[in-house]
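Structure first, commentary second.
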Amino acid sequence: MTAPTSALPAEHTPGTDPERWPDIVTLPRVSRARTAVAERIVRRALGRLPLRARLAGQGDIGLGGPLMDIREPDAFFRRIGASGLIGFGESYMAGEWDAPDLVAVLTVLADNAADLVPRSLQRLRGVWHLRRPAAQMNTPEGSRDNISHHYDLSNELFALFLDETLSYSSAVFRGFPAEHDLLPAAQHRKIDRLLDAAGVTDGTRLLEIGTGWGELAIRAAARGARVTTVTLSAEQRELARARIREAGFEDRVEVRLSDYRHVTGDYDAIVSVEMIEAVGEEFWPIYFETLDRLLAPGGRIALQAITMPDDRLRVSRSTYTWIHKYIFPGGLLPSTEAVERITTGHTRLRTTQRIRFGAHYAETLRLWRERFTERTAEVDALGFDAVFRRMWTFYLAYSEAGFRSGYLDVQQLLLTREETA
């Protein structure tokens, strides 16, 4: 017999396209019992946190702090009952809750992520947490689809909130707070640190895994390097080629539409910026084995990677999250320990230098988020609707909160090969 569902009607959010946003337009079917359990857990969690959760018509809970305005409590709890944290994000996309300072609210939640659900119930996380779809596995074919989902949205969209370098990774600032007009220099500072670590100079044969929009390749070519750079995004490749040509380095840089697994040859230096996050845990050994295979004797590898604590990686590695569903399908952040386990167990590569700078990513994301918000009319003009804007705002704020809380970090790693006698 089917369990009764919540009485709250499933209805269209005004102005929302049901084909584009099916799980936002229609509330999920979920039993009253499951919704009630979710409500009890969430109320208990919010009541112990340093924030103020205002439930429309039901009063406030929490210890005081940034305001979380839950405008439609029934829909909010119903979505969480159906799909946990995916429902939490979808409820924000639907406008069922909001916050004057979204980053502050999400930072409180990130600070307390390990204890939001009582430990006695954490063994039941599989009841609420969905498994990742097989279609998101990062096979060569799956990787193309996963990368296209995010990076082929629109070059014009990314240009609205990134700086003129079109660098979509953490910058390195001289000090805080940062300002948007300091971003180009801060991005060049990040790139130069990586190129210096990899020993890129005149005549270096450099491989870049993950082209972005070409700024690192341009900067390396200006040093005299001969650059091969690979991407799976057709949109990125087209614009990167144009920018490289405009900079006058078309003869020094080759941009290939290729999976990293298909690259051949050997290179004096390899650089990859925030690409390992898209590899997928099952392919981490192949990724590092490929780096080992492609590196010439005496060569260096400089990586920039977003990391998470190893205990959280072990707990969440198979979980399907809001980020997977809407932003980065197939992605998984490694831990420092995971990188060491893989490189030690599968390659001759060893980490010889590590620089952490998570606070710089929080500032980078703040600047992107503020710029995105300022340019709402231009986002709309590109054909992105209000639900997309709320989704993208939530993604940027969620990521910023992860770095502000210390739940996430970003590192530059230098890897060299342990040569056998």
Side-chain angles (χ1 to χ4, degrees), residues 66-67 98-108 110-111 150-151 153-197 212-220 222 236 239-240 243 246-247 273-274 277 304-307 327 355-382 384 388-412:
L67 174 64
D98 213 328
D101 189 341
L102 180 59
V103 173
V105 168
L106 294 176
T107 300
V108 170
D111 273 333
H150 188 84
Y151 293 97
L153 276 170
S154 162
N155 287 332
E156 292 79 9
L157 172 70
F158 286 99
L160 287 180
F161 67 91
L162 299 178
D163 66 274
E164 64 198 50
T165 72
L166 293 181
S167 298
Y168 190 37
S169 53
S170 181
V172 175
F173 299 97
R174 290 193 183 278
F176 302 143
E179 298 176 7
H180 197 275
D181 61 4
L182 299 176
L183 257 178
Q187 291 291 2
H188 285 162
R189 191 173 299 115
K190 174 271 301 295
I191 291 170
D192 289 345
R193 282 189 181 184
L194 287 163
L195 296 178
D196 289 346
W213 286 277
E215 190 69 16
L216 188 145
I218 291 170
R219 205 135 177 101
Q236 283 191 330
L239 183 52
R243 296 181 74 236
E246 184 179 349
V273 182
E274 295 179 24
E277 301 85 349
Q304 184 162 309
I306 302 171
T307 58
I327 307 297
I355 301 173
R356 301 172 185 268
F357 52 108
H360 293 255
Y361 219 150
E363 282 293 282
T364 304
L365 285 155
R366 176 181 64 81
L367 295 173
W368 291 347
R369 177 176 52 81
E370 290 174 355
R371 187 64 165 257
F372 180 80
T373 301
E374 290 166 2
R375 308 189 81 169
T376 292
E378 292 163 270
V379 174
D380 290 348
L382 290 175
F384 296 98
F388 178 90
R389 281 191 277 106
R390 289 186 68 84
M391 177 190 77
W392 205 258
T393 298
F394 188 80
Y395 149 58
L396 293 173
Y398 175 95
S399 302
E400 182 183 342
F403 289 101
R404 295 208 180 278
S405 68
Y407 184 87
L408 302 179
D409 202 354
V410 63
Q411 307 181 34
Q412 287 186 353

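Side-chain atoms of H360 do not come within 3.5 Å of backbone N or O of V172 as any donor-acceptor pair. Formation of a donor-acceptor pair under 3.5 Å by the E363 side chain with backbone atoms of A178 is found in this model. Judged by distance alone, the side chain of D409 and the main-chain N or O of T307 form no donor-acceptor pair under 3.5 Å. Between the side chain of Q412 and the backbone N or O of F357 there is no donor-acceptor pair closer than 3.5 Å. Formation of a donor-acceptor pair under 3.5 Å by the Q304 side chain with backbone atoms of S169 is not found in this model. R219 places no side-chain N or O within donor-acceptor distance of the main-chain N or O of D192, the cut-off being under 3.5 Å. A donor-acceptor contact shorter than 3.5 Å is absent between the side chain of R404 and the backbone of T107. Looking only at distances, no side-chain donor or acceptor of Q236 sits under 3.5 Å from a matching main-chain atom of N155.
Under the 3.5 Å distance criterion, with hydrogens and angles disregarded, no donor-acceptor pair is assigned to the side chains of S167 and K190.
Considering Y168, F384, F372, W368 in turn, Y168 is the only one that fulfils the ring pair (Phe, Tyr, Trp, His ring centres under 6.0 Å) rule with F158.
The distance from the OG1 atom of T165 to the CG atom of L183 is 7.5 Å, given to the nearest 0.5 Å.
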Walk me through it: do E400 and L106 pass the test side-chain contact (heavy atoms from CB on, under 4.5 Å)? CA-CA 9 Å; E400 182 183 342; L106 294 176; over 6 Å; no
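No salt bridge links D163 with R371; every basic N to acidic carboxylate O contact stays at or beyond 4.0 Å.
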